[in-house]
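Here the structure comes first, spelled out in structure tokens, and everything after it is commentary.
Computation of the quantities below employed the complete heavy-atom set of this structure, encompassing side-chain atoms and omitting hydrogens, waters and symmetry-equivalent molecules. These numbers come from a predicted model, not from an experiment.
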Amino acid sequence: MSRLRWLASVVAFLVMCGAAQAHEVRPSFLHLNQSDAQAFDLLWKIPARGDAVLKLRLELPETCQQATPERVVRDAAAVVKSWRIDCASSIAGERVVIRGLETTAVELIARIDWLDRAPQSVRLTAGENSFIVAEKPTLAGVAAAYVPFGMTHIWFGIDHLLFLVALLYLIQSLRQMVWAVTSFTVAHSLTLGLAVLGVVHVPGALVESLIALSIVFVAAEALSPDGARPTLARSSPGIIAFAFGLLHGLGFAGALTEAGLPPDA
């Protein structure tokens with residue numbers, strides 16, 4: 001077994017260990033959209049699976065009161081609640097708390113859109129279930145919220161990792177490996193950008209099915225005997241990485257959409 005294949009086996013083992021401990025990466029999303037000086041339209045998405053809904057409780061600043069009835073929309077993946085709040089004074093500098101988040105492994109992305117300033121985005125986890133509403137939010141906060149979420153999606157996104165692990169079995173040199181990984185990165189960055197910006201629209205179910213097919217295809221190539229006839233996957237794994245990387249980028253975009261990535265960010 002070559003060194004690269006030995007490395008692939010080690011990576012596969014680590015991936016399986018990580019998957020065994022993986023949590024539900026579908027995030028919760030809280031959005032406060034300022035509609036006038038002291039009023040906000042609030043949308044809160046709570047992950048669900050079947051009849052089981054995460055027991056999360058939202059605590060807003062004491063100066064804010066519910067102004068409209070709560071509207072609830074339910075599907076198999078989440079419960080989405082929406083209502084309007086009126087606040088007696090500015091909420092800047094006040095704390096927002098998500099009770100129950102500390103007992104889960106689910107992340108929460110919170111976003112506040114203001115009328116007169118940059119939006120604020122924060123990422124909450126079990127270790128940090130509250131945030132302070134910023135006096136002067138910056139667009140850098142969007143990156144601070146979404147980059148760690150993206151890293152989590154990659155680590156616990158076993159579909160992307162399995163594809164790359166299977167691809168390693170087709171690679172015969174360090175040069176081929178660098179070319180394949182770079183091709184995959186460039187390809188999924190292209191479709192990720194196009195999908196998030198709304199240029200490309202592909203149904204999520206179709207994308208997930210094709211991603212699964214990409215893993216099966218590369219795995220079948222990797223398991224073929226050494227004396228098998230040359231194929232494009234074996235001779236040019238970088239081309240295969242690029243082609244299927246386009247699909248995986250759409251998968252990343254779907255995760256960001258679920259997380260509530262704002263179109264302008």
Are [X] and [Y] close enough that some pair of their side-chain heavy atoms sits under 4.5 Å apart?
X    : Y    : result
D86  : Q65  : no
N129 : V97  : yes
I85  : L32  : yes
F244 : L167 : no
S82  : V80  : no

Q: Could you label the plane-to-plane angle of the H188 and F184 rings as parallel, tilted or perpendicular, counting under 30° as parallel and over 60° as perpendicular?
A: perpendicular

Would you say [X]'s side chain and [Y]'s backbone share a donor-acceptor pair under 3.5 angstrom?
X    : Y    : answer
E102 : G100 : yes
T182 : W179 : no
S183 : A241 : no
E94  : L60  : no
Q34  : L115 : yes
R95  : E59  : no

How far apart are the closest heavy atoms of [X] and [Y], and which atoms are they?
X    : Y    : result
A187 : F242 : CB-O, 3.1 Å
S28  : V106 : N-CG1, 3.9 Å
A52  : R74  : N-NH2, 4.3 Å
S90  : Q38  : N-OE1, 3.5 Å
L124 : S130 : CD2-O, 3.3 Å
R117 : A134 : NH1-O, 4.2 Å

Report the distance from atom [atom1] of [X] to atom [atom2] of [Y], rounding to the nearest 0.5 Å.
X    : Y    : atom1 : atom2 : result
E135 : Q120 : CD    : CD    : 10.0 Å
D41  : D36  : CG    : CG    : 9.0 Å
K45  : L56  : NZ    : CG    : 13.0 Å
W44  : R57  : CH2   : CZ    : 9.0 Å
T125 : E128 : OG1   : CD    : 6.5 Å
L170 : S235 : CG    : OG    : 10.0 Å

Q) Linking I/L/V/M/F/W/Y whenever any side-chain heavy atoms sit under 4.5 Å apart, do I132 and I112 land together? A)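 No; I112 is not reachable from I132 via cluster members.
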
Q.
In this structure, would I239 and L190 fall into the same cluster of hydrophobic residues linked by side-chain contacts under 4.5 Å?
A. no

Let me have the donor-acceptor pairs involving side chains of residues 195-220, under 3.5 Å, with sequence neighbours excluded, atom names and distances please.
from, atom 1, to, atom 2, distance (Å)
H201, NE2, G198, O, 2.8
S209, OG, A205, O, 2.9
S214, OG, I211, O, 2.6
S214, OG, H248, NE2, 3.1

Q.
Name the residue from L43, I46, L108 that meets the side-chain contact (heavy atoms from CB on, under 4.5 Å) definition with F29.
A. L43

Q) After noting the C-alpha distance and the side-chain angles of V96 and L58, does the key distance pass the side-chain contact (heavy atoms from CB on, under 4.5 Å) rule? A) CA-CA 8 Å; V96 177; L58 175 63; 3.8 Å; yes

Q.
I'd like to know whether L30 forms a side-chain contact (heavy atoms from CB on, under 4.5 Å) with L42, so could you lay out the CA-CA distance, the side-chain angles of the two residues, the decisive distance to 0.1 Å, and finally the verdict.
A. CA-CA 7 Å; L30 175 65; L42 188 149; 4.0 Å; yes

